[in-house]
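These notes are about the structure you will find just below.
The figures that follow rest on heavy atoms only: side chains count, while hydrogens, waters and symmetry mates do not. Throughout, a chain's letter reflects where its sequence line sits, starting with A, and its residues are numbered from 1.
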Amino acid sequence: MVKFQELDAKWQQAWRDAKLFEAEPDKRPKFYLTVAYPYVSGPMHVGHGRTYTVPDVIARYKRMRGFNVLFPMAYHFTGIPIVGAAKRVARREPGFVRVLIERYGVAESELPKFEDPHHFASHFARKSELSYRKGMEWLGYSIDWCREFTTVDHHYQKFVTWQYHKLYDAGLIVKGKHPVKWCPRCGNPVTDHDLLEGEGVGIVEFTLLKYRADDYVLPAATLRPETVFGVTNLWLNPDVKYVSARVGGERWIVSEQAIEKLREQGYQVGEVGPIQINFSKKVEVPLTHKRVPILPAKFVDPDNATGVVGSVPSHAPYDHVALFELQQRPDALRAYGVNPRDVEGLKPISLIEVEGFGESPAIDVVDRMGIKNQTDPKLEEATAEVYRNEFAKGRMREWVSKYGGMPVSRAKLAVRDDMLAGNEAATIYEFSAKPVVCRCNTPVTVKVVEDQWFLNYADEGWKEKARGCLARMDLVPPETRGQFEHTISWLHEWPCTRNIGMGTPAPWDPKWMIESLSDSTIYMAYYTIAHILKAIDPAKLTDEVFDYVFHGKGDAALISSTTGIPQETLEQMRREFEYWYPLDYRMSANELIPNHLTFHIFHHALLFPDRCPRGIVSFGIAVLEGEKMSSSKGNIIAINEAVRKYGADTVRLYLMSTVEPWQDLDWQTNEVEAMQRNLERFYSLAESTIAPPSAKRPSFAQPERWMLSRLQEHIRVATEALDAFETRKAAQHAFFQLMHDLRWYTKRARQPKARTHMLKRVLEVWLRLLAPFTPHICENLWERMGGSGFISAAPWPKVEEGLVDKGAELIESYLGRVLEDVGKILRVTKVKKPKRVCLYVAQDWKWKAYHIAMKRVGEGKVDLGALLREIGETLGLRLHKSDLSKFLQQTVKELRGMPSEELEILETTEIDELQVLLEAADFIREQLNVKEVRVFKADDAARYDPQDRARLAVPMRPAIFIE
RNA sequence: GCGGGGGUAGCCAAGUCAGGUCAAAGGCGCCAGAUUUAGGGUCUGGUCCCGAAGGGGUUCGCAGGUUCGAAUCCUGUCCCCCGCACCA
């Protein structure tokens with residue numbers, strides 16, 4: 001038994017020695033594809049294996065099609081997670097360290113080195129047995145490794161610097177404020193990945209309505225500023241400690257907890273002091289200038305926004321229930337010093353009208369749900385329902401001055417903006433759900449970051465360019481187009497700088513780093529010259545150099561003299577870029593469509609308007625036995641483990657043949673093992689095919705003609721599939737279906753010499769069809785077969801139209817059907833060992849009638865009566881009319897159900913059923929394991945037919961008798 | 001909520017755009033038989049239900065409709081998954 005792993009090593013070395021995949025510009029048409037470089041925060045596992053095998057298969061296929069293929073690779077070091085991982089090592093986080101040591105083989109003594117993020121990243125990029133570089137080599141990828149780089153290389157940083165100078169000069173870098181999730185202890189913005197709790201929690205914007213009393217401001221937080229017209233009172237929680245604070249030029253009253261938030265969010269908070277709430281007081285509502293009382297309510301949460309809330313009982317279930325409760329309990333009111341008469345008169349004010357609800361939606365819903373008091377948890381649900389309906393379907397009532405008739409969704413923004421403009425409101429951000437906790441176990445807050453730099457994707461001119469680029473691109477699968485279009489429209493300012501992590505300093509403000517998605521938008525252009533840059537001192541890489549290489553601007557001789565880079569080198573880089581660019585296909589995960597992939601379009605549209613990428617292929621995700629893979633938890637299958645166990649080709653073919661690239665893949669061990677056995681079977685089949693000496697080309701009979709015809713079909717489908725990136729479909733035909741057909745052929749073939757010849761001939765094509773998927777095995781068999789050169793460089797098989805033989809295929813499917821029918825009968829009758837099987841083929845007149853019927857069915861009009869007459873006259877038959885009509889009814893029904901393609905073949909091909917069955921009699925006998933198979937014409941007077949079955953014979957459906 | 005994708009036999013997954021070869025490819029699993037018979041490998045057959053003659057019945061989330069004919073087209077409905085940003 002062959003060891004696949006030995007073949008892997010042998011051929012990987014051979015490819016390296018031959019420098020087979022190092023790409024140089026030449027006369028051939030080029031094909032340039034890239035796949036998102038890995039973010040090296042952990043080992044390469046089978047999920048990545050899927051992502052990177054797709055482009056490799058395509059690269060190998062295109063090479064065989066005669067393209068000069070560039071398939072490069074690099075590593076992404078920029079960003080927080082690698083820094084975070086190093087920090088976890090520094091803290092010796094037990095779970096994390098255990099995974100590193102026990103699962104990923106890091107020596108305990110080495111741990112201090114892993115506190116350095118650069119070391120950490122390098123380890124998983126290239127050094128470790130579990131690294132991406134090694135994993136990709138073990139899988140036999142046809143990558144041009146000369147162009148490898150990392151995003152923290154000085155050369156690359158120069159490239160990013162050039163890019164951001166261009167963006168800055170184009171006015172697309174803007175400065176602004178931005179709310180972020182912020183960990184006060186880490187002193188950093190935190191991403192969802194950094195959270196212990198609260199993943200996916202959003203940041204929502206509350207409007208603070210400034211209620212005034214004396215010279216105090218009570219900023220009531222609301223998501224619904226438009227309801228200010230329906231305010232009946234203000235709520236404060238009697239159990240909460242409120243403070244007064246100088247905010248800007250005003251004195252605000254807020255909960256104690258709110259002070260820190262205001263500070264984080266950029267408010268100038270001065271002196272803070274205690275304050276006693278006087279519930280008898282009246283306050284003035286902003287905008288309407290109505291005076292309303294302050295009332296006590298326990299549901300008011302001091303942790304949410306300011307702890308001050310306006311009351312709109314008509315449209316807020318909480319407010320309605322709380323007010324109702326107070327009105328029932330005058331004694332409680334008195335305890336807070338409130339005169340119950342002030343409360344008695346408070347009536348809900350309806351200001352929004354919604355179809356399907358009455359005057360006050362909040363009251364409707366509370367009544368319907370049977371909510372009795374303000375601690376009822378159902379209130380959340382009630383609030384959501386009212387809000388949702390009012391927002392989606394509600395309109396402001398006509399009496400609401402200025403906003404009357406407006407949809408709520410619009411009025412909300414209009415009211416907010418008007419109030420902000422008139423200093424009657426402010427803004428505060430809050431989490432949509434709590435708690436949100438950092439991995440360092442500290443509660444996360446919302447911070448408004450000042451001085452943040454943004455890439456202005458909101459710029460309409462830029463958007464238009466991006467749309468233009470997108471319109472010319474081929475998207476795989478095509479359904480992703482809508483997502484891209486939507487993203488382009490919806491994308492606005494993207495914060496492109498960070499204050500921590502590895503990466504490139506922002507050229508205009510070096511205390512910031514270019515954020516990791518923003519430094520990876522056009523690196524595909526960098527690959528074209530990466531190998532040449534390595535020999536150049538990065539200090540020499542000025543903007544002029546890149547301007548020349550990428551835009552052809554300036555004079556090479558001049559730039560050479562100012563930078564000291566040889567003119568020839570500059571010109572070579574320019575040539576390489578012009579040869580390879582534009583990129584033909586970009587491949588990445590479909591979850592990156594909303595950011596990375598769309599950024600990539602934006603930046604190309606701006607910087608390389610004439611060389612926009614030609615296409616994008618988006619991948620699905622991969623899971624492990626139905627579970628999400630997680631490197632940091634160690635529940636993955638690393639590439640080296642998989643390859644050691646199954647061999648590279650098994651892993652590759654498995655990853656490519658279960659689902660198409662854009663579908664989600666589930667790695668299932670039992671299926672991988674089955675794949676390994678399938679490949680082993682294939683290998684030994686191939687070996688036994690190669691072994692016997694080649695025979696001279698014998699004459700081909702029906703089985704050979706069929707086999708060759710099927711082979712053409714598989715070539716055709718596999719080719720079309722790979723052109724469309726359908727690796728699964730291609731693999732199905734190139735491997736499984738071909739295997740299937742070959743099995744049938746070996747059973748069918750009668751002449752040993754022809755079979756030997758045919759198997760070799762099929763194998764020669766088969767190996768080439770499989771080479772992109774299972775290159776190691778194929779190289780080895782190719783060599784054993786005496787193929788010339790590497791199969792990786794051999795030409796892709798072409799369909800030989802002359803070998804397509806639909807008639808031969810029809811005959812085989814006919815035989816298949818006959819076997820199936822007999823088999824069915826045997827099964828139903830439970831006859832285990834039949835002595836004899838007799839087949840009776842339809843007599844000539846039936847065939848003639850069949851042909852006439854076929855013609856009429858082909859024409860679409862079938863009048864059974866007319867057909868009956870026509871046939872009777874044409875054939876001059878003297879038959880029982882009922883026999884004929886029964887036959888015709890059945891025939892017409894069958895013909896109608898036939899696909900037009902098969903009908904056509906039947907019409908144009910003469911099939912001599914008797915001849916076909918006689919020739920195949922031996923085969924049928926073998927297949928059915930019977931002693932004797934006899935074939936007769938149905939009207940053969942000398943036939944053996946004790947039960948008079950022959951009369952049931954129909955063209956293409958012989959009658960059967962078994963005994 | 002906004003945007004995108006999807007529901008096919010025990011599981012995965014083709015088929016849906018261009019209706020008929022569809023009781024529905026292929027793989028996995030399972031069952032049976034064969035084998036120099038190791039319960040492993042390989043090969044062969046089977047795998048919705050009924051049937052002692054190639055047949056019949058009921059299926060492609062659910063409910064209707066169009067059609068000679070629907071997994072495929074139309075309408076309605078239920079359910080599931082993904083993204084929604086400072087993050088790879």
Considering Watson-Crick and G-U wobble pairs with both distances under 3.5 Å, what does [N] pair with?
N	value
B:A25	none
B:G3	B:C82
B:U66	none

Check: Using a cut-off of less than 4.0 Å, is there contact between a side-chain N or O of A:R681 and OP1 or OP2 of B:C43?
Finding: yes
Notebook entry, point to check: Any side-chain N or O of A:K824 less than 4.0 Å from the OP1 or OP2 oxygen of B:G45?
Noted result: no
Checklist line | Which nucleotide in B:G27, B:C12, B:A13 has an atom nearest any side-chain atom of A:Q663 | finding: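 The nucleotide sitting nearest to the side chain is B:A13.
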Note to self: Closest approach to the side chain of A:N678, judged atom by atom: which nucleotide of B:C28, B:G55, B:A13 is it?
What the structure shows: B:C28
Checklist line | Nearest-Å distance once atom P is located in both B:A34 and B:A24 | finding: 28 Å
Next item on the list: Quick one: do A:T78 and A:D519 satisfy side chain to side chain donor-acceptor pair (under 3.5 Å)? Show the steps, please.
Entry: CA-CA 8 Å; A:T78 318; A:D519 82 346; 2.6 Å; yes
Next item on the list: List the steps and the verdict of side chain to side chain contact (heavy atoms under 4.5 Å, CB included) for A:F602 and A:T521.
Entry: CA-CA 8 Å; A:F602 266 93; A:T521 58; over 6 Å; no
Next item on the list: Using atom NE2 of A:H733 as one end and atom P of B:G15 as the other, report the distance to the nearest whole Å.
Entry: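 For the pair A:H733 NE2 and B:G15 P, the rounded distance is 10 Å.
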Checklist line | Aromatic ring proximity A:Y37/A:Y523, centre distance under 6.0 Å | finding: yes
Note to self: Just to be sure I understand the rule, does A:L826 reach a base, reach only the sugar-phosphate, or reach nothing, if contact means heavy atoms closer than 4.0 Å?
What the structure shows: nothing
Item checked: A:Y457 OH to A:L172 CG distance, which is reported to the nearest 0.5 Å -> 9.5 Å
